[in-house]
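Structure, as structure tokens:
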Amino acid sequence: MGKQYNAQETEDKIRKFWEKNKTYKFNSKSKKQTFSIDTPPPYLSGKMHIGHAFSYSQQDFIARFQRMKNNVFYPFGTDDNGLPTERYVEKENKIRSKSMSRADFINLCLKTLKKMTPDFIQDYKDLGISCDYNIYYSTIDKNSQRVSQQSFIDLYKKKEIYKKEFPTLWCPECQTTIAQAELEDKEEESLFTTLRFKADNKDLLIATTRPELLPACVAVFVNPKDKRYKNLINKKATVPLFNFEVPILEDESAEIDKGTGVLMICSYGDKYDVKSINRHKLEPKLILNPDGTLKQTEYKGLRVKQARKKILEDLKENNLIEEQKQITHAINTHDKCGTPIEFITTEQWFIKLLDKKSKLIKQGKKVNWYPKYMFKRYENWVNGLEWDWSISRERHFGVPIPVWECKECNEIILPNNEELPVDPLQTKKQCPKCNKEAKGEEKVLDTWATSSMTPQIASAISLSKDKNLKIKIPFSLRPQAHDIIRTWAFYTIAKSFMHEKEIPWEDIMISGYVTLSGEKMSKSKGTGIQPKKLLEDYGADALRFWAAGSKLGNDLDYQEKDLITGKKFLNKLSNASKFVFMNLEDYKNQKPKQLEKIDKLFLQKLDILVKSATYRFETYEYSKAKAETEKFFWNMFADNYMEIVKKRIYNQTGPKKISAQYTLYKSLLTILKLIAPIMPFITEEIYQTYFKKTEKQDSIHISEWPESENLENEKYDTTLDAFIDVLSKVRQAKTKKQKSMKSEIILTMPEKQYEKIKDLLQDIQDVTNAKEIKKGNFKVEFVEE
RNA sequence: GGUCCUAUAGUCCAGUGGUUAAGACUCCUCGUUUACACCGAGGGAACAGCAGUUCGAUUCUGCUUAGGACCACCA
């Protein structure tokens with residue numbers, strides 16, 4: 001090592017060392033307790049994002065800490081299921097998925113994924129994420145498909161799954177059902193038009209933003225308390241332009257002062273319509289095709305927006321518009337493509353959720369949330385659920401729904417466990433009842449239906465590698481970001497509850513976001529910050545150092561200066577280690593019979609740090625562990641202790657020197673271990689360079705976490721604090737006089753102070769370069785040359 | 001509109017019912033070359049506002065303001 005620490009070079013070397021030694025391989029024979037982590041599988045799309053670097057670093061801090069205490073099960077997966085992958089593969093291969101068979105398209109996806117996966121995973125390895133990459137799954141691989149299909153079959157048998165024709169949230173762009181969790185608000189400009197309906201030969205004014213749904217109008221609502229319309233109740237209204245009659249009904253949900261107080265119910269404009277139509281048992285008029293075009297009338301074939309425009313023109317021509325104004329309002333869109341959603345009646349598969357809301361909240365409560373308040377978000381979401389989980393998707397790429405339906409008697413046929421994973425479009429089945437051929441289900445499962453099984457998937461993978469190895473549910477930990485509490489965390493809890501009657505993990509840690517000048521980073525903002533570039537410029541340790549800068553769950557502003565600080569820390573650590581071992585050449589790794597008092601006091605301080613840092617890591621407060629260790633190292637160890645022992649090390653021989661050497665060795669090793677989870681590369685480098693020959697373990701990351709020596713009963717000795725106080729005063733005096741720290745002095749201190757540190761007089765003399773120490777009023781005199 | 005989070009130097013970020021309110025970057029002064037100028041010593045600089053609880057509030061409570069997240073509304 002030179003004077004300056006070269007992160008890039010070292011990290012490259014260390015990375016290879018870990019790979020060669022299989023440092024992070026899960027040890028199935030270990031007698032230690034297993035700490036199992038339900039690693040988030042990232043979407044395999046493009047390069048690693050700074051947000052990923054942030055949250056994966058945070059979970060890795062915990063994984064590495066636990067690895068030094070327990071046996072860590074830390075798999076790695078990629079989420080290759082679903083629309084983003086489908087889109088990516090279509091683009092990459094310049095094809096349309098619907099123009100080929102499902103099996104062919106899945107194969108193409110798998111081929112494309114295989115090509116890009118290694119590069120993608122490399123980013124995580126470069127960051128030092130310490131997964132066992134051999135315990136790898138893709139959410140579309142055979143094992144995942146099997147687990148996912150088993151889940152479907154199990155829930156079907158438990159009568160938790162049903163099929164129903166129902167107006168569901170529909171994306172006309174992706175042409176598939178979506179779940180409530182996939183909705184995203186979007187502000188949109190819209191025309192708010194007040195139309196002239198007719199009732200009792202008079203105008204009945206109704207406002208709407210969706211005139212294209214006029215042909216689907218099935219009723220008009222007014223509030224029973226609304227005096228204006230009382231006489232119209234149960235009469236008929238005529239729909240403008242289309243000239244058919246609909247009933248005027250009273251409904252308490254109609255708000256008197258909203259719009260004109262009258263509203264039209266169409267099939268279906270929004271979920272309010274869906275509910276209203278059900279409540280009043282009205283016959284829906286379905287006018288939308290799955291591709292978002294209109295069915296009937298002369299507007300047939302027009303897309304929603306085109307139809308709206310045309311109908312408005314025609315309304316205007318016929319003088320049926322009373323008023324029109326521009327408004328902005330929020331509309332629900334599909335989070336994957338931003339297309340406004342519609343309600344379209346199709347036959348879909350559902351998992352029952354609404355019947356177990358309170359039980360799911362109870363399950364959520366059993367999980368330890370870090371930070372605690374994140375549970376509220378879970379609870380709010382579950383309380384707000386309005387639909388069961390629609391799990392079928394009209395897509396090509398995904399886990400096939402493993403059922404056949406008899407064409408004759410509609411009997412549902414399930415596959416046997418040995419057949420899984422199965423594609424019902426590839427395998428033919430006959431109805432056991434009527435012997436007729438059954439039709440394979442064409443739909444695939446919602447991606448969350450599969451990724452909500454990650455504990456079971458990872459567990460199955462490990463079992464396939466080692467027959468004796470069953471990773472139990474609940475896992476120890478789920479790490480994830482807060483934006484997917486309502487999806488990933490929620491669905492996983494729901495699935496484990498329905499399958500195992502268990503919580504999926506004991507703890508859940510939720511990381512915050514990376515912000516830029518206080519604002520949330522978004523893909524649209526582009527953000528020129530690429531982890532890859534940062535790794536090249538500053539190294540993974542520095543990036544991780546930054547990621548350890550905010551407490552769990554908090555957002556953190558990205559600032560380049562924090563990486564510079566990290567880099568400085570690396571340099572300091574590297575240099576301090578160099579100093580220590582320069583002075584340990586004649587040290588035989590022996591514990592001295594008698595420790596010098598100041599060494600003992602210093603080790604006591606170190607012990608307090610160990611205790612605190614351990615507690616911090618155990619409760620996921622890695623940022624505090626890091627801050628405390630960082631401060632101790634720089635201030636206590638480097639600036640104070642090292643200065644204090646310099647002279648003794650240089651000039652003394654025998655027990656006094658050995659005591660200092662022992663203390664330096666032990667404290668440096670301890671500090672390295674405490675900071676190793678945060679900065680794995682440099683700590684490994686120092687360990688390999690200096691400690692390896694005397695320490696047993698091959699890698700610092702599988703070495704024992706430092707034990708605190710249980711000083712509870714021992715009273716804390718404040719002598720060292722008093723000592724440092726004196727030292728600090730002397731330094732102050734030297735600075736004021738603009739003298740060198742090495743300048744020789746005569747030190748006078750009060751009786752009380754003198755008595756307090758009387759066992760450490762030699763040390764204070766050494767570190768302050770005092771020629772003489774006297775009692776009296778505090779005074780620093782300089783010895784002139 | 002509802003729920004939740006956040007508010008500390010120019011910037012980022014700790015922490016506390018009584019503290020000289022910590023650290024980093026920046027700024028100023030000085031020092032230093034047998035670990036380190038990516039250094040050392042020292043200095044300057046902060047508890048959003050208003051009320052309440054309290055002997056005492058930056059810390060607890062309420063409100064206000066600002067920012068953020070999630071949800072709802074979208075006639």
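Model, not experiment: these values are computed from the prediction. Here is the naming used below: chain letters follow the sequence lines, and residue numbers restart at 1 for every chain. Note that these values count all heavy atoms, side chains included, but never hydrogens, waters or copies made by symmetry.
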Q. Which one, B:A24, B:A35, B:C39, comes nearest to the side chain of A:W634?
A. B:C39
Q: Respond yes when some side-chain nitrogen or oxygen of A:K376 is under 4.0 Å from OP1 or OP2 of B:A69, and no when none is.
A: no
Q. Rounded to whole angstroms, how far apart are NZ on A:K258 and P on B:G1?
A. 13 Å
Q) Looking at A:K372, does any N or O in its side chain come under 4.0 Å of the phosphate oxygens OP1/OP2 on B:C4? A) no
Q: Using a 4.0 Å heavy-atom cut-off across all strands, classify A:N332 as base, sugar-phosphate, or nothing.
A: base
Q) Over how many whole Å does the gap from A:K729 atom NZ to B:A41 atom P extend? A) 16 Å
Q) A:Q738 has a side chain; which of B:A35, B:C5, B:U29 sits nearest to it? A) B:U29
Q) Separation of A:D555 atom CG from B:U6 atom C1', in whole Å? A) 9 Å
(Q) Can you confirm whether or not the ring centre of A:F545 sits under 6.0 Å from the ring centre of A:F569? (A) yes
Q. Where the side chain of A:K572 is concerned, which of B:C4, B:A35, B:A72 is the nearest nucleotide?
A. B:A35
Q: Examine B:C13: is either OP1 or OP2 under 4.0 Å from a nitrogen or oxygen in the side chain of A:Y558? Give yes or no.
A: no
Q. Between atom CZ of A:R196 and atom CG of A:L241, what is the distance when rounded to the nearest 0.5 Å?
A. 13.5 Å
Q: Using a 4.0 Å heavy-atom cut-off across all strands, classify A:K271 as base, sugar-phosphate, or nothing.
A: sugar-phosphate
Q) Is the A:Y558 to A:W546 ring centre distance short of 6.0 Å? A) yes
Q. Are OP1 or OP2 of B:A41 and a side-chain N or O of A:K739 less than 4.0 angstrom apart?
A. no
Q: Please give the nucleotide sitting opposite B:U11 as a Watson-Crick or G-U wobble pair, both distances under 3.5 Å, or none.
A: B:A24
Q) Touch check for A:K646, heavy atoms < 4.0 angstrom, all strands: base, sugar-phosphate only, or nothing? A) base
Q. What does A:G384 touch in the nucleic acid at a heavy-atom separation under 4.0 angstrom: a base, only the sugar-phosphate, or nothing?
A. nothing
Q: Figure out the OH/P separation between A:Y373 and B:C70, and round it to whole Å.
A: 14 Å
Q: Could you work out the separation of B:C73 and B:G23 based on their C1' atoms and round it to a whole Å?
A: 46 Å
Q | Residue A:K578, side-chain atoms from C-beta onward, closest of B:A35, B:G40, B:C73 | A | B:A35
**Q.** From CD1 (A:I608) to NZ (A:K605), nearest 0.5 Å
**A.** 6.0 Å
Q: Please state the C1' separation for the pair B:U8 and B:A57 - nearest whole angstrom.
A: 15 Å
Q: Could you tell me whether A:E255 contacts a base, only the sugar-phosphate backbone, or nothing, with contacts defined as non-hydrogen atoms closer than 4.0 Å?
A: base
Q: Determine the interatomic distance between C1' on B:A72 and the same-named atom on B:A9; round to the nearest Å.
A: 40 Å
Q. When you compare B:G44 with B:U29, how far apart are their P atoms, in angstrom units rounded to a whole number?
A. 15 Å
(Q) Nearest to the side chain of A:N554, heavy atoms from C-beta on, is which of B:C36, B:A14, B:A72? (A) B:A14
(Q) Ring centres under 6.0 Å, that's the criterion: do A:Y5 and A:F681 meet it? (A) no
Q.
Need one value for A:I331: base, sugar-phosphate or nothing, where a base atom within 4.0 Å counts as base even if backbone is also close, heavy atoms only.
A. base
Q.
Using the side-chain heavy atoms of A:H482, tell me which of these nucleotides is nearest: B:A22, B:A69, B:A35.
A. B:A69
Q: Provide the distance between the two P atoms, one in B:C36 and one in B:A41, to the nearest whole Å.
A: 16 Å
Q. Within the structure, does a side-chain N or O atom of A:K737 lie under 4.0 Å from either OP1 or OP2 of B:G42?
A. no
Q) Between B:G42, B:A35, B:A22, which nucleotide gets closest to the side-chain atoms of A:Q732? A) B:G42
Q: Establish, with yes or no, whether the OP1 or OP2 oxygen of B:G42 is under 4.0 angstrom from a side-chain nitrogen or oxygen of A:S728.
A: yes
Q.
Is it the case that the side chains of A:E685 and A:T10 hold a donor-acceptor pair, with the cut-off being a distance below 3.5 Å and no angle test?
A. no
Q. When all nucleic acid strands are considered with a 4.0 Å heavy-atom cut-off, which category describes A:E643: base, sugar-phosphate, or nothing?
A. base
(Q) I'd like to know if the side chain of A:E342 pairs up with that of A:Y268 as donor and acceptor (distance under 3.5 Å, no hydrogens or angles considered). (A) no
Q: Would you check if the distance from the ring center of A:F691 to the ring center of A:Y665 is below 6.0 Å?
A: yes
**Q.** Atom CZ of A:F242 with >12 non-hydrogen neighbours under 6.0 angstrom
**A.** yes
(Q) Could you identify the nucleotide paired to B:G18, looking across every strand shown and requiring Watson-Crick or G-U wobble geometry with both distances under 3.5 Å? (A) B:C55
Q. Contact class for A:T487 (heavy atom, under 4.0 Å): base, sugar-phosphate, or nothing?
A. nothing
Q. Looking for any heavy atom pair under 4.0 Å, which part of the strands does A:S743 touch: base, sugar-phosphate only, or nothing?
A. nothing
Q. To the nearest angstrom, how far is A:Y641 atom OH from B:G40 atom P?
A. 19 Å
Q. Looking across every strand, which nucleic acid part, if any, lies under 4.0 Å from A:L556 by heavy atom: base, sugar-phosphate, or nothing?
A. sugar-phosphate
Q.
Closest approach to the side chain of A:D562, judged atom by atom: which nucleotide of B:A72, B:C12, B:G15 is it?
A. B:C12
Q. Between A:H482 and A:Y513, is the gap from one ring center to the other below 6.0 Å?
A. yes
Q: Rounded off to whole Å, could you give me the CG-to-P distance for the A:N575 and B:C39 pair?
A: 10 Å
Q) Taking for each residue the nucleotide of RNA chain B with the nearest heavy atom, is it A:R210 or A:A576 whose nucleotide lies nearer the 5' end? A) A:A576
Q. A:I686 has an atom CD1; how far is it from atom P of B:A35, in whole Å?
A. 16 Å
Q: Would you mind reading off the distance between A:D270 atom CG and B:C73 atom P, rounded to a whole angstrom?
A: 8 Å
Q. So which nucleotide does B:A35 pair with, by the Watson-Crick or G-U wobble rule with both distances under 3.5 Å?
A. none
Q: Return the 5'-most residue of the pair A:K551, A:V580 with respect to RNA chain B, ranking by each residue's nearest nucleotide.
A: A:K551
Q) Using atom P of each nucleotide, how far apart are B:A21 and B:U16 to the nearest Å? A) 15 Å
Q.
Which nucleotide wins on minimum distance to the side chain of A:R377, given the candidates B:A14, B:A69, B:U34?
A. B:A69
Q.
Among B:C13, B:A41, B:G40, which nucleotide has an atom closest to any side-chain atom of A:D557?
A. B:C13
Q) Which one is paired to B:G62, where only Watson-Crick or G-U wobble pairs with both distances under 3.5 angstrom count? A) B:C50
Q: Examine B:A41: is either OP1 or OP2 under 4.0 Å from a nitrogen or oxygen in the side chain of A:K742? Give yes or no.
A: no
(Q) Under 4.0 Å, counting only non-hydrogen atoms across every strand here, what does A:K631 touch: a base, just sugar-phosphate, or nothing? (A) sugar-phosphate
Q) How far does the P atom of B:G18 sit from the matching atom of B:C70, given to the nearest Å? A) 37 Å
Q: In whole angstrom, give me the gap between the C1' atoms of B:U59 and B:G15.
A: 9 Å
Q) Does B:C70 have a Watson-Crick or wobble partner in any strand here, with both distances under 3.5 angstrom, and which is it? A) B:G2
Q. Which part of the nucleic acid, if any, lies within contact of A:M642, taking any heavy atom under 4.0 Å across all strands shown: a base, the sugar-phosphate backbone alone, or nothing?
A. base
